[in-house]
Structures are given as C-alpha cells and as structure tokens.
Amino acid sequence: MTEPADPTLARFYGADTLPELEAMRVAMLGKSGEITAQLKSLGPMTPEQRAIEGPKIHAQREAVTAAIAERKAELEAAELDARLATERLDLSLPSRETPRGSIHPVSQVMDELAEIFADLGFAVAEGPEIEDDWHNFTALNIPETHPARAMHDTFYLAGEHERPMVLRTHTSPVQIRTMMASKPPIRLIAPGRVYRSDSDATHTPMFHQIEGLVIDKGITMGHLKWTLETFLKTFFERNDIVLRLRPSYFPFTEPSAEVDVGWSMEKGRRVVGGSEGWMEVLGSGMVHPRVIAACGLDPDEWQGFAFGTGVDRLAMLKYGMNDLRAFFDGDLRWMKHYGFLSLDVPTLSGGIGA
Ligand code: PHE
C-alpha cells in the first residue's frame with residue numbers, strides 16, 4: 001500500500017499496532033477529536049461559510065475514516081500472519097498421549113483365559129470370597145486333619161457362625177456351588193481372588209486362581225489332557241508347548257496330576273515351550289466320586305475333571321514379571337511398565353488392535 005501524500009493521512013500508516021491506531025482514531029474522530037471539533041465549528045458559521053467549509057470537513061472526515069480502516073485491515077492481517085506462523089499445527093507429529101488408566105496384567109490375563117475357554121464352550125462361574133468351611137473343605141473331601149484347615153494356613157473369620165467362615169483358600173468351592181445349583185453337563189471356569197496366610201517373593205496373602213470343571217458322561221483323563229494342552233498352547237501363543245502330567249494328590253480329585261510345562265532357553269531367557277526343563281503350572285485330576293456324591297449327583301452316572309491354576313503366575317510367565325508382590329503394590333511405575341492399554345497387546349481377547 002502506498003502511503004498518501006497528505007501528511008495527516010500518512011500518520012495513520014505510521015501506527016504499528018492496533019491500539020496505537022485506535023488512539024489515533026479517537027484523537028481524530030472521537031467525542032473531543034480534531035475532526036469532531038471541526039464539525040462542531042460548522043454550527044456558528046454563516047450559511048455561505050458553511051457551504052464552503054462543510055464539504056471540505058466532511059471530505060477530510062471520510063478520507064481519515066477510510067485511511068484508518070485501511071491501516072486497520074493491514075495491521076489485522078499482519079497479526080493473523082504472525083499467529084499463523086507461531087501457532088502452526090504440525091499434522092505429521094504423533095498425537096499427544098492423553099494420560100489414561102491401563103489394564104492390570106491380572107485383569108488382562110483373566111480376560112484372555114475367559115476368551116480361550118469360551119471358545120472351548122466353558123461358561124464363567126463365580127462364588128463368594130467369604131466361604132463357609134463346608135464348601136471350601138468338607139464337600140471337597142478335605143479331611144479335618146488336612147494342613148490347609150490349620151489356622152496358620154487359612155484366614156478364619158472371628159465370631160459365631162452357623163458354619164466356620166473362611167476367606168476361600170482356592171476357587172474349588174465354586175465346583176461345589178455349581179454342581180449343587182445346576183444339572184450336568186457342566187463346563188465352567190471360575191476365576192477369582194483366593195487367600196492364604198503366606199507371604200514372600202512368590203506368595204502373597206491374596207492371589208488369583210482360575211478353576212476349571214467339566215462334568216459329563218464318559219469323561220476321561222484324555223479330555224483333561226487335551227483341554228489343558230489346547231489352553232496352554234493358545235495362552236502362550238506357541239505350538240511347541242509340552243506338558244508333563246505328574247501323579248499327585250488332591251483330596252478332591254482321583255487320580256490327581258500336577259501339570260508341568262516345558263521351558264527352554266531363548267536369548268538367555270527361560271521361556272515357555274520346548275522341554276529343556278519343567279515348571280509346575282497347575283493342579284488337576286478326575287473329580288473324586290465323593291465330591292460328586294456330596295453335591296447330590298450319582299458318581300456312577302457322572303464323571304469329570306477339574307483343574308486349578310494361578311492367574312498371577314500365568315501372567316508372570318507370559319509377560320516376564322519376576323516379583324509377585326509388585327502385582328499388588330499399586331506402584332504406578334510398575335503399572336506403566338507392565339500394564340496394558342486397551343488395544344496394545346495383540347491377543348485372542350484383545351484382537352490385533354485397531
Ligand atoms: N484347588 C487346588 C489348589 O488350590 C488346585 C486344584 C483344582 C487341583 C482342581 C485339582 C483340581 O491347589
């Protein structure tokens with residue numbers, strides 16, 4: 001824009017900011033501004049004088065108004081340019097991560113397990129964490145003399161109750177509750193919290209188990225082994241999972257087997273798969289006829305298998321954590337490191353992400 005020759009008008013183009021220009025506008029056109037005063041001076045003039053001065057003053061006012069408007073548009077445009085230059089939106093930047101909560105590894109693994117077993121036709125069942133000793137022990141054929149019943153292993157509730165109340169020591173009482181409440185065939189898993197009076201790097205007083213139960217006709221250990229093999233292969237996402245069933249003892253299964261999974265060394269780390277060594281992952285067996293009878297079913301007609309495993313332990317093996325206590329410390333740094341955002345782990349339950 002070329003500045004006008006008229007020095008009065010040229011002044012406006014010297015304004016470098018909008019407030020400066022506004023001050024000039026007020027000085028000229030405001031209530032006591034220069035041009036306003038000139039307009040007022042028309043009043044006392046003779047008509048002849050006014051006819052000469054009037055058009056001059058009006059023309060000057062128009063010129064001033066136009067010059068101010070023009071300079072204002074220039075300054076506004078410059079201001080916008082400056083803002084656009086500094087407030088640039090870089091669409092190539094990754095979006096800023098909004099702080100969000102993350103899924104605890106235990107919840108993640110429980111979801112994965114529910115998903116795997118849902119595909120095998122298992123429903124999810126639940127039971128109370130405060131149990132009575134009949135469901136937790138007696139109905140499961142756990143004799144009075146069994147060490148699990150001792151005060152130093154189990155949390156008993158104080159006070160008078162019809163039956164002694166305990167914080168359940170395993171998820172197996174859910175077997176009893178389901179067999180008593182529904183008719184076979186039964187296929188269930190029961191994930192949940194369990195409690196034992198134990199505390200060190202690999203034991204916490206509260207931890208998580210998942211129970212499995214199948215009751216039907218003609219169920220054999222072959223079904224048990226296939227189910228566990230399928231579950232562990234899917235969970236660890238490896239085809240080279242090798243199982244070893246070791247004869248064992250649980251009062252509520254007969255025969256009983258402890259199940260070990262083979263591990264091997266990969267890049268200096270012990271991983272599940274292969275068979276360089278073994279680690280125990282679950283307890284299992286054929287449901288004891290006495291347990292079936294305690295639930296009011298005929299053990300000659302119905303058989304089944306059951307298994308129980310530690311959810312926290314499965315999480316540690318799959319995701320490489322080494323201290324169980326950290327699971328329950330509530331340390332946000334640990335959660336940030338090991339926790340999952342809703343879509344960031346490609347698993348069966350999570351899908352491969354969006
Ligand atoms: N309840 C057993 C435990 O806590 C595990 C188990 C469940 C064993 C079902 C056999 C069958 O150790």
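Atoms within each ligand, like the ligands themselves, are counted from 1 in listed order. Just so you know, residue 1 is the first one in the sequence shown, and it goes up from there.
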For atom 2 (C) of ligand 1, what's the nearest protein heavy-atom neighbour? Residue, atom name and distance, please. Phe252 CZ, 3.7 Å
Can you pull out the closest protein heavy atom to atom 5 (C) of ligand 1? Residue, atom name and distance to 0.1 Å, please. Gly308 CA, 4.0 Å
Does Glu162 CD have over 12 foreign heavy atoms under 6.0 Å away? no
Counting neighbours of CG on Leu157 that are heavy atoms of other residues, nucleotides or ligands and sit closer than 6.0 Å, is the number greater than 12? yes
Lys/Arg N to Asp/Glu carboxylate O, [X] vs [Y], below 4.0 Å:
{"X": "Glu237", "Y": "Lys318", "result": "yes"}
{"X": "Arg177", "Y": "Glu131", "result": "yes"}
{"X": "Arg187", "Y": "Asp216", "result": "no"}
{"X": "Glu22", "Y": "Arg25", "result": "yes"}

Kindly identify the option in Ala148, Gly285, Gly283 whose heavy atom sits closest to atom 8 (C) of ligand 1. Gly283
If we only consider heavy atoms of Phe305, is any one of them less than 4.0 Å away from an atom in ligand 1? no
Arg196 near ligand 1 by a heavy-atom separation under 4.0 Å: yes
Only heavy atoms of [X], strictly under 4.0 Å: list the atoms of ligand 1 that pass.
{"X": "Phe307", "value": "7 (C), 9 (C), 11 (C)"}
{"X": "Ser172", "value": "1 (N), 7 (C)"}
{"X": "Gln209", "value": "3 (C), 4 (O)"}
{"X": "Ala306", "value": "9 (C), 11 (C)"}

For Glu34 and Gln38, test the side chains for any donor-to-acceptor distance below 3.5 angstrom and give the result as yes or no. no
Side chain, backbone, both or neither: the part of Ser256 lying under 4.0 Å from ligand 1 by heavy atom: neither
Please say whether His170 places an N or O atom under 3.5 Å from an N or O atom belonging to ligand 1. yes
Hey, what's the ring geometry for His170 with Phe252, parallel, tilted or perpendicular (30° and 60° as the breaks)? perpendicular
